[in-house]
K.L.:
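Please read through the structure below; I'll follow up with questions.
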Amino acid sequence: MPAVSVYAGANFVLGDNPFYRGDPTVSPRVMVATQSRLTPRFVLISNIAYDRLGSDFPEWNYTVSLSHAFRDPKWSVFVENQGIKSDRYSDALLRGGVAHLLGENMQVDMNLGASFKNTPSRIFATMGFSYRVDMHRDKVKAIEDQKAGENGGPINKNAMKKKKKEKIKVPVQRISIWGLPKNNYGN
């Protein structure tokens, strides 16, 4: 079951911008975003946006991203496809990159990408930094009232490391030459 969110915002065209001639100074945009955890390490994200509402060139935009966390969950890789459809500009872009959590609320990422079309073709590299403003505060609970796994906290380096399986010792039943079973102690 994916997590679903809805976003509403606005585009602002300030001054005499040659790329958006005739667009209103303010045009709204809306988006639906989903996130699905496929496995403990794979996450699928999708965004579908309708942009520049009320302008002469409204734009549909989608992004689908698949990310994979490594055993050290502060590192992850991703592959992403973005599509843009408008009478002014249309394109399909493919990106791949790596992200690293610097702290609980800070992340840096790098990616390389290219477009599928050749009128003109695009090849690009980007670096990004993001900071999460986390104003959520959990209510303080007495330790006796807490359940396992609800404590949160920072991500440890080995949090995603596979646990070694314990070998289960099964008693061996031996048969004596007389056909009577012997126990494990040789009696």
Side-chain angles (χ1 to χ4, degrees), residues 1-39 41-70 72-138 152-155:
M1 181 76 174
V4 178
S5 62
V6 178
Y7 158 85
N11 300 296
F12 296 91
V13 178
L14 303 175
D16 189 23
N17 190 324
F19 298 106
Y20 298 104
R21 276 191 212 283
D23 275 12
T25 305
V26 179
S27 60
R29 67 178 304 188
V30 293
M31 178 171 57
V32 175
T34 68
Q35 177 177 322
S36 302
R37 184 176 168 186
L38 304 176
T39 71
R41 293 190 189 178
F42 278 98
V43 175
L44 179 67
I45 299 166
S46 65
N47 301 329
I48 300 171
Y50 191 47
D51 203 357
R52 304 192 181 287
L53 287 98
S55 73
D56 293 337
F57 302 102
E59 177 179 288
W60 282 100
N61 189 330
Y62 75 86
T63 305
V64 178
S65 179
L66 180 67
S67 65
H68 172 72
F70 291 112
D72 176 354
K74 291 184 177 186
W75 287 94
S76 64
V77 292
F78 61 91
V79 62
E80 184 173 270
N81 174 247
Q82 180 181 7
I84 304 160
K85 178 72 175 142
S86 169
D87 288 343
R88 178 185 295 155
Y89 175 74
S90 294
D91 206 346
L93 307 169
L94 185 64
R95 294 181 191 91
V98 62
H100 177 66
L101 290 174
L102 297 174
E104 203 170 315
N105 297 316
M106 289 185 291
Q107 174 182 296
V108 293
D109 67 89
M110 251 178 45
N111 70 71
L112 298 171
S115 64
F116 285 102
K117 71 177 200 167
N118 58 8
T119 57
S121 64
R122 294 172 56 187
I123 296 175
F124 51 89
T126 61
M127 287 184 66
F129 172 82
S130 59
Y131 181 79
R132 178 178 69 164
V133 178
D134 187 4
M135 296 164 66
H136 173 78
R137 299 288 176 246
D138 289 324
I155 298 171

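The residues of the chain are indexed from 1 along the displayed sequence.
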K.L.:
For residues Asp23 and Asn17, determine if any side-chain heavy atom of one lies less than 4.5 Å from a side-chain heavy atom of the other.
P.N.:
no
K.L.:
Do the side chain of Ser90 and the main chain of Ser86 share a donor and acceptor less than 3.5 angstrom apart?
P.N.:
yes
K.L.:
How close do Pro2 and Ser36 get, counting heavy atoms only, and between which atoms?
P.N.:
CB-OG, 3.1 Å
K.L.:
Return the CG to CD distance between Asp87 and Glu59, rounded to the nearest 0.5 Å.
P.N.:
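Spacing of CG (Asp87) from CD (Glu59) equals 10.5 Å.
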K.L.:
Salt bridge (charged side-chain N to carboxylate O under 4.0 Å, His left out) with Asp51: which of Arg88, Lys85, Arg29?
P.N.:
Arg29
K.L.:
Can you give me the closest heavy-atom contact between Pro58 and Tyr50, atom names plus distance?
P.N.:
CB-OH, 3.5 Å
K.L.:
Working to the nearest 0.5 angstrom, can you tell me the gap between Asn47 CG and Asn61 CG?
P.N.:
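Reported value, rounded in 0.5 Å steps: 8.5 Å.
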K.L.:
What's the spacing between Arg41 CZ and Ser67 OG if we round to 0.5 Å?
P.N.:
12.5 Å
K.L.:
Which value, rounded to the nearest 0.5 Å, describes the distance between Gln82 atom CD and Leu94 atom CG?
P.N.:
11.0 Å
K.L.:
Might you point out which heavy atoms bring Trp75 and His100 nearest each other, and give the distance in Å?
P.N.:
CE2-ND1, 3.1 Å
K.L.:
How many angstroms lie between atom CZ of Phe116 and atom OG of Ser121, to the nearest 0.5 angstrom?
P.N.:
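Nearest 0.5 Å value for the CZ-OG distance: 12.5 Å.
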K.L.:
Would you indicate whether Leu38, at its atom CG, is surrounded by more than 12 heavy atoms from other residues, nucleotides or ligands within a distance under 6.0 Å?
P.N.:
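Correct, the count exceeds 12.
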K.L.:
Looking at every non-hydrogen atom in both residues, tell me the closest pair between Leu53 and Val30 and how far apart they are.
P.N.:
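Shortest heavy-atom separation between Leu53 and Val30 comes out as CD1-N, 4.2 Å.
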K.L.:
Between the side chains of Asp109 and Arg95, is the shortest nitrogen-to-carboxylate-oxygen separation below 4.0 Å, so that they form an ion pair?
P.N.:
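Salt bridge: no.
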K.L.:
To the nearest 0.5 Å, what is the distance between OG on Ser5 and CE on Met31?
P.N.:
7.0 Å
K.L.:
Compare every heavy atom of Leu93 with every heavy atom of Ser115, then report the nearest pair and how far apart it is.
P.N.:
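Closest approach of Ser115 to Leu93, heavy atoms only: CB-CD2, 3.6 Å.
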K.L.:
For a side-chain contact (heavy atoms from CB on, under 4.5 Å) check, start with the C-alpha distance between Phe70 and Val77, then their side-chain angles and the critical distance, and finish with the verdict.
P.N.:
CA-CA 8 Å; Phe70 291 112; Val77 292; 3.5 Å; yes
K.L.:
Is any NZ, NE, NH1 or NH2 atom of the basic residue among Asp134 and Arg132 found under 4.0 Å from an Asp or Glu carboxylate oxygen of the other?
P.N.:
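Salt bridge flag = yes for Arg132 with Asp134.
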K.L.:
Can you name the closest pair of heavy atoms from Ala114 and Phe124 and give their distance?
P.N.:
N-CE2, 3.8 Å
K.L.:
Would you check if the side chain of Asn81 reaches a backbone N or O of Thr63 as a donor-acceptor pair within less than 3.5 Å?
P.N.:
no
